[in-house]
Trainee: 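So that we are looking at the same thing, I have put the structure below in structure tokens.
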Amino acid sequence: MQPTLAPQNVPLLDLNAQNGSIQNEWSAAIETVTSKSQFALGPAVRRFEQSFADYVGVDHAIGVNNGTSALQLALQACDVGPGDEVITTPHTWISTSWAISYVGAKPVYVDIDPTTYNINPELVAAAITPKTKAILPVHLYGQACDLEPLLSLAEQHGLTLIEDAAQAHGAYYQGKRVGSHGRVGCFSFYPGKNLGAFGEAGGVVTSDQAVADRVRRLRDHAQDGRHNHVEIGYNARMEGIQGAVLDVKLRYLDEWNAARRRHAARLRELLEGAAGLQLPAVDSADSHVWHLFVVLVDGQLRTTLREDLANRGVATGVHYPTLVPFQPAYAHLGYQRGDFPVAESVASRCVSLPMYSELTDEQLWYVAAQVRDCLGGAKSAAA
Ligand SMILES: Cc1ncc(COP(=O)(O)O)c(C=O)c1O
């Protein structure tokens with residue numbers, strides 16, 4: 001039976017709901033770190049690194065200070081630098097490109113797939129030049145990229161494949177977790193991610209011993225033994241408290257991701273056929289971890305839909321309104337409107353609806369009913 005639709009506030013994400021459910025565990029873990037003053041790296045970070053490497057299915061995980069550093073250090077450890085090109089997606093959070101720029105390489109963008117919104121492997125093939133050194137796909141919104149063609153291109157052309165898995169903790173591709181397919185995988189543990197710290201944190205995963213050793217050194221002032229700095233390094237260490245919290249939360253990740261999958265299926269069911277709304281593609285392998293639930297609406301309707309939903313207590317977001325190559329910071333690369341027809345269309349129409357593991361069935365009903373109601377009252381520009 002349909003629950004009553006009492007007005008409610010549904011945030012885009014509710015971190016307190018999740019943290020409150022396991023408070024005893026994380027507070028005890030934090031207490032251990034603080035009582036021993038193990039604030040930077042230390043045993044809690046080492047424990048988390050081991051558990052996370054086992055979880056992803058790789059030999060090494062290296063805890064760093066955020067996901068942007070994870071990408072930068074991974075690229076550097078794979079010898080990507082000045083004069084190199086890295087092929088990536090225009091439709092992502094800007095950090096993917098920052099990291100390429102930080103190491104002195106040039107981002108080269110190709111358009112996305114219209115179904116998954118991930119990088120289009122066919123266009124990657126066409127963008128490879130003698131300067132190409134790496135491919136950096138992003139598993140956007142929690143869904144794995146089509147890695148097989150990317151991996152075979154990398155092998156054919158001697159390129160490094162680095163996965164940006166910042167939005168896809170626990171997602172699978174062909175039975176293996178994302179992050180374990182390329183030479184290196186990079187994660188963000190920013191608080192709002194599927195696996196989120198209590199502050200900034202990130203991680204690099206790899207089964208390549210040389211890459212692991214170099215990232216481990218680079219994050220800690222490039223020390224090879226105390227006070228022996230073998231190259232220009234960084235302070236990119238993970239904090240002890242973040243390692244402790246992440247080690248606790250990792251035990252719940254699969255359960256939380258399963259809840260997200262159920263919510264996504266429910267939202268799809270409740271929103272099916274709503275006028276002017278394009279739902280995210282069904283994941284037949286059920287390996288999507290639904291970091292975000294993104295629908296597409298007619299560009300003219302997006303602003304009014306978001307305003308109407310906000311007035312009814314339903315928060316929404318836009319991930320992302322402007323493609324990275326069209327950001328002022330990347331104007332010098334010279335990309336033009338029309339270069340990425342699919343990504344430009346998605347960027348102009350995407351709306352993120354509330355998605356987190358603690359959503360209740362009543363909230364899901366409420367969100368879907370409000371979306372339907374708002375769209376029903378709206379006039380499509382195409383109508
Ligand atoms: C796809 C993607 N890459 C990289 C990052 C960077 O992670 P952080 O914010 O931890 O630096 C994020 C985080 O928002 C992301 O979503």
Side-chain angles (χ1 to χ4, degrees), residues 12-13 15 45 48 52 61-76 86-103 107 109 112-113 116-119 134-145 147 161-171 173 178-179 182 184-205 215 218-219 234-239 241-243 245-246 249 260 288-294 317-325 327 329-330 343 346-347 350 352 355-356:
L12 198 55
L13 171 69
L15 292 179
V45 171
F48 170 65
F52 196 62
I62 301 113
V64 296
N65 58 343
N66 57 56
T68 312
S69 295
L71 288 161
Q72 179 184 355
L73 269 49
L75 285 160
Q76 194 168 332
V86 179
I87 301 173
T88 192
T89 172
H91 185 57
T92 176
W93 174 243
I94 190 127
S95 294
T96 317
S97 286
W98 282 159
I100 298 168
S101 303
Y102 293 164
V103 301
Y109 303 98
I112 59 173
D113 177 272
T116 62
Y117 315 141
N118 280 325
I119 197 165
I135 307 172
L136 179 40
V138 178
H139 304 299
L140 197 72
Y141 304 154
Q143 181 166 37
C145 295
L147 287 168
L161 191 124
I162 298 174
E163 296 171 69
D164 183 340
Q167 300 191 2
H169 316 70
Y173 178 76
V178 301
V184 195
C186 300
F187 289 85
S188 164
F189 304 119
Y190 186 74
K193 297 292 196 260
N194 288 34
L195 179 62
F198 282 5
E200 304 277 351
V204 175
V205 298
V215 171
L218 282 170
R219 75 167 170 186
Y234 307 89
N235 178 357
R237 298 176 295 228
M238 180 182 273
E239 295 183 340
I241 286 175
Q242 308 310 341
V245 168
L246 288 166
K249 286 182 142 196
R260 285 174 184 265
H288 197 317
V289 293
W290 298 99
H291 175 55
L292 292 167
F293 189 92
V294 177
V318 174
H319 301 90
Y320 299 90
T322 305
L323 300 186
V324 176
Q327 292 289 349
Y330 285 112
V346 170
C350 57
S352 308
M355 175 50 71
Y356 51 92

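Ligands are counted one by one from 1 in listed order, and the atoms in each one are counted from 1 as well.
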Trainee: Taking all non-hydrogen atoms of both residues into account, name the closest pair between L195 and F52 and its distance.
Mentor: CD2-CE1, 4.0 Å

Trainee: Would you mind finding which of C186, S188, S97, A165 brings a heavy atom closest to atom 10 (O) of ligand 1?
Mentor: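 Looking at heavy atoms only, the winner is S188.
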
Trainee: Between the main-chain N or O of G179 and the side-chain N or O of E163, is there a donor-acceptor pair closer than 3.5 Å?
Mentor: yes

Trainee: Considering both backbone and side-chain atoms of D164, is one of its nitrogen or oxygen atoms within less than 3.5 Å of a nitrogen or oxygen in ligand 1?
Mentor: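 Yes - when backbone and side-chain N and O of D164 are compared with those of ligand 1, one distance drops under 3.5 Å.
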
Trainee: Just do the side-chain contact (heavy atoms from CB on, under 4.5 Å) check on V64 and L73 with the steps written out, would you?
Mentor: CA-CA 9 Å; V64 296; L73 269 49; 4.2 Å; yes

Trainee: Please check whether A166 reaches ligand 1 - meaning an N/O of the residue sits under 3.5 Å from an N/O of the ligand, judged on distance alone.
Mentor: no

Trainee: Considering only heavy atoms of S95, which atoms of ligand 1 have at least one such atom less than 4.0 Å away?
Mentor: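 Contacts of ligand 1 toward S95, numbered from 1: 4 (C), 5 (C), 6 (C).
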
Trainee: Taking only non-hydrogen atoms of K193, do any sit less than 4.0 angstrom from ligand 1?
Mentor: yes

Trainee: What do we get for T92 next to ligand 1 when only non-hydrogen atoms under 4.0 Å count, side chain, backbone, both or neither?
Mentor: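 Near ligand 1, T92 shows its side chain, while the N, CA, C and O stay back.
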
Trainee: How far is atom 16 (O) of ligand 1 from its nearest protein heavy atom, and which residue and atom is that?
Mentor: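 Looking at atom 16 (O) of ligand 1, the protein heavy atom closest to it is Q167 NE2, 2.9 Å.
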
Trainee: Please could you name the atoms of ligand 1 that T96 approaches to less than 4.0 Å, counting only its heavy atoms?
Mentor: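 Atoms satisfying the 4.0 Å criterion: 3 (N).
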
Trainee: If I apply the N/O under 3.5 Å rule, does E200 come out as touching ligand 1?
Mentor: no

Trainee: Considering only protein heavy atoms, which is closest to atom 12 (C) of ligand 1, and at what distance to one decimal place?
Mentor: W93 CD1, 3.4 Å

Trainee: I need the atoms of ligand 1 closer than 4.0 Å to a non-hydrogen atom of V138, numbered in the order shown.
Mentor: 1 (C)

Trainee: Are the side chain of Y117 and the backbone of H91 linked by a donor-acceptor contact shorter than 3.5 Å?
Mentor: no

Trainee: Report yes or no: does Q167 contribute a side-chain atom to a donor-acceptor pair with the main-chain N or O of K193 at less than 3.5 Å?
Mentor: no

Trainee: Any side-chain to backbone donor/acceptor pair from T68 onto S95? Under 3.5 Å, distance only.
Mentor: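 No, the answer is negative, given that no donor and acceptor are paired below the 3.5 Å cut-off.
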
Trainee: Does H288 reach the main-chain N or O of A168 with its side chain, forming a donor-acceptor pair under 3.5 Å?
Mentor: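 No; zero donor-acceptor contacts below 3.5 Å.
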
Trainee: Give a yes or no answer on whether the side chain of N118 reaches the backbone of Q143 with a donor-acceptor pair at less than 3.5 Å.
Mentor: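 Yes, because the side chain of N118 sits within donor-acceptor range (under 3.5 Å) of the backbone of Q143.
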
Trainee: Can you report which non-hydrogen protein atom sits closest to atom 11 (O) of ligand 1, along with the distance?
Mentor: T68 OG1, 2.5 Å

Trainee: If the cut-off is 4.0 Å to any non-hydrogen atom of G67, which atoms of ligand 1 fall inside it?
Mentor: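 Under 4.0 Å from G67, ligand 1 has these atoms: 6 (C), 7 (O), 8 (P), 10 (O), 11 (O).
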
Trainee: Relative to the heavy atoms of N66, which atoms of ligand 1 are at a distance of less than 4.0 Å?
Mentor: 10 (O), 11 (O)

Trainee: Counting N and O atoms only, with roles assigned by atom type, does the side chain of N194 sit under 3.5 Å from a partner on the main chain of G170, one being a donor and the other an acceptor?
Mentor: no

Trainee: With nothing but distance in play, are any N or O atoms of Y190 less than 3.5 Å from an N or O of ligand 1?
Mentor: no

Trainee: Relative to ligand 1, is L71 under 4.0 angstrom through side chain, backbone, both or neither, heavy atoms considered?
Mentor: side chain

Trainee: Parallel, tilted or perpendicular: which fits the ring planes of W93 and Y320, with parallel below 30° and perpendicular above 60°?
Mentor: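 W93 vs Y320 ring planes: tilted.
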
